[in-house]
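Just below is one structure, and these are the notes that go with it.
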2 protein chains.
Amino acid sequence: MANIQQIAKRAGVSVATVSRVLNHATSVSPKTRSKVEEAIKELNYEPSMLGRNLRNSESRLLLVLLPTIANPFYTEIINGIQDTAIASDYNILLCETDSKPERENIYFNMVKNKLADGVISMDPTVNMQRLNELAEHYPVILCSEYEEKGDIPYITVDSELAAYQAVKHLIKSGNEKVALITSDEKFLYARLRRAGYERALKEFHLQIRDEWIYHTKGLEFQYGVHAMRMLLKEEEKPTAVFAISDTLAIGALKAINMEREGSDPIAIVGFDNISFSSMTNPTLTTISQPMYTMGCQATEMLLSRIKGEKVENIVLDHELIIRESTMV
Amino acid sequence: MANIQQIAKRAGVSVATVSRVLNHATSVSPKTRSKVEEAIKELNYEPSMLGRNLRNSESRLLLVLLPTIANPFYTEIINGIQDTAIASDYNILLCETDSKPERENIYFNMVKNKLADGVISMDPTVNMQRLNELAEHYPVILCSEYEEKGDIPYITVDSELAAYQAVKHLIKSGNEKVALITSDEKFLYARLRRAGYERALKEFHLQIRDEWIYHTKGLEFQYGVHAMRMLLKEEEKPTAVFAISDTLAIGALKAINMEREGSDPIAIVGFDNISFSSMTNPTLTTISQPMYTMGCQATEMLLSRIKGEKVENIVLDHELIIRESTMV
DNA sequence: AATCAAATTGTAATCGATTACATTTATTTC
DNA sequence: GAAATAAATGTAATCGATTACAATTTGATT
């Protein structure tokens, strides 16, 4: 691959002039410009990002931190991020941390090393202390999961309210025994959704029963299956379930489909409105977050930060999507 | 962020010595080593990848090209790629092309610009001509989708055989009317799977009927729904369906669940064994590819190429996973 | 103590771009 | 046509690392 000197030589000009042609910046006479452009074409030249970035100390690369791409919840957000980034001539780097601190570290270093200009973290398992340290010196945005009293700008939805509405919907459709399938409460979203669940129950003077609150080890389907099996073993079975993630809810549906034999139906509400949720049998009632928008706005926030501007936190609206799983 | 000169100054040595400490290379006396290490710690120094890469012209970054992360088929492969890459001190960059040539271009340029050391393409929509050009000068591996007579090393499964076995399974379980839901035949995997489908039909002297072969516009669920609806409108309805992707198969299941009212059941086989395929109702019979292994081996191939070694193409074994959707 | 080899450390070129400043060339003005 | 100004181009420093080669220090040997 040719470099800028070779182009300069070929075109009979200095490297500065070539650089000027490349960056459409200061004045270059049409004659020399076309000479240079010709040389570029002939030698099939592409400017080296390394040289350029080293000099400019910018990479026009954004990191997107997520625990795993296996959760379909992230896909639409990522589309939003990608579209917005590309529109501003940035590219994104999807970084799966697998919830492993070592990997996280690698990606943090990429930012410190100027290999990336900023970070959007969607990883609830991220080491917040280290992320906060990073955010002191580099642009960072939290998307979806956030810190209530932290300094890092975030964009999210009102999880507590959404959960409250979901559970209220279950209660209003005649369920007095509503169980909760949730994950580890070290995650803020889990605490908030549980709070919403409890608020709804209290409002209708229903008792909060610990044995109807099941904590899973992760968000994957199989944990949903397992959770539901445990709930079905209870002496007094719930008649409805609110799961804090569609993947868990779909696992729960599966468990119900397997074990139910003419027994009473169980209503289910999930959270996220992943594309799969309309493919299940029955289709899943769920909370829809404006995921694409969230991705777009998170990116806009990050780009603002990179420019050095201040940004405000954003809380987006959600929506309860009623489908068959609560129409039993 | 401190740079190497500041460390050198602080430690009272030259930048060369600092670099030596950093790279554990040639001899450095224990005394100076510890002085330097102390300075590094004090100033919280991290070497700049940009400077390093520019000099070494390597980035230890691998690109993974895929059309979209929305298809769960890719997730396990990516895990394999990631684990193998990290074990060799490489990182991966997930690149969604969205089947858009412009994006593809951006990523190709990253390789040319030494921002990445090699590419694993899992993108069936990739511009093969440009990829071939890239592969003339840079390490490239094809994973899953490949070119039969091309020069780029690939790893894949025998799609034709897998499809043949899938359809044979349908026929042997009593179905004489087997439809095919496939995608655009510009993709090799689609052509191969269709060939397998036809081979099985021929072997059992069943007629190949064009009206039972439905071509979708994409692999997303909704295309599966639509395809199945069309097939159900046929005067003579198929009793079984082979879909070339689990996502399509699950969409088809959905369509059947919606339209069927005491009518005859329809058997379905998918392809890929995505984690969702065991969550559907009924669970989905499908072809399982060793996705994790495929990712690992693809990465090993790429790393070999980066070292300048030659590599052989690999065809991995698949497996027919029989579940409820063909036990009706 | 002088000599020499080995170990350690430093100097300076290099990777490929950008850009402030200097210089040359073209254009305008009187 | 000379002077003043504007436009075009070139020179060389710079970003932050690595490394060949040179220079120095250390230590062993006689």
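Chain identifiers are assigned alphabetically (A, B, ...) following the order of the sequence lines, protein sequences preceding nucleic acid strands; residue numbering begins at 1 within each chain. No experiment lies behind these values; they were computed from the predicted model shown. In what follows, every heavy atom counts, from backbone to side chain, and hydrogens, waters and symmetry copies are set aside.
Side chain of B/Gln297 to main chain of B/Ile155: no donor-acceptor pair is present (N/O by atom type, distance under 3.5 Å, no hydrogens or angles). Under the 3.5 Å distance criterion, the side-chain polar atoms of B/Ser88 are left unmatched by any main-chain donor or acceptor of B/Tyr90. Remark: the backbone N or O of B/Val28 is not paired with any side-chain donor or acceptor of B/Thr32 at under 3.5 angstrom. In terms of modelled atom types and a separation under 3.5 Å, the side chain of A/Glu145 and the main chain of A/Leu188 share a donor-acceptor contact.
Rounded to whole angstrom, the span from the CG atom of B/Asn53 across to the C1' atom of D/dA17 amounts to 10 Å. Between the CG atom of B/Asn23 and the P atom of D/dT18 there is a distance of 4 Å, given to the nearest Å. The interatomic distance linking B/Asn56 (CG) with D/dA20 (P) rounds to 11 Å, in whole Å. Computed from coordinates, the A/Gln5 CD to C/dC15 P distance equals 8 Å when rounded to whole Å. Regarding B/Met49, its CE atom lies at a distance of 13 Å from the C1' atom of D/dA17, rounded to whole Å. The interatomic distance linking A/Leu54 (CG) with C/dC15 (P) rounds to 14 Å, in whole Å. Atom CG of A/Leu50 and atom P of D/dC15 are 17 Å apart (whole Å). One atom, NZ of B/Lys112, and another, C1' of C/dA17, lie 18 Å apart when rounded to the nearest Å.
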field: Stepwise side chain to side chain contact (heavy atoms under 4.5 Å, CB included) test for B/Ile69 and A/Leu94
entry: CA-CA 10 Å; B/Ile69 62 161; A/Leu94 295 182; 4.0 Å; yes

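For A/Arg52 and B/Gly51, each mapped to the nucleotide of DNA chain C holding its nearest heavy atom, the one lying further toward the 5' end belongs to B/Gly51.
Distance check, rounded to the nearest 0.5 Å: CD of B/Gln82 to CZ of A/Arg103 gives 4.0 Å.
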- line: Quick tally for nucleotides 9-14 of chain D: nucleotides whose base has a protein heavy atom under 4.0 Å get B, sugar-phosphate-only ones S, the rest -, giving BBBBBB

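The shortest distance between the side-chain N/O atoms of B/Ser19 and the OP1/OP2 oxygens of D/dT18 is below 4.0 Å.
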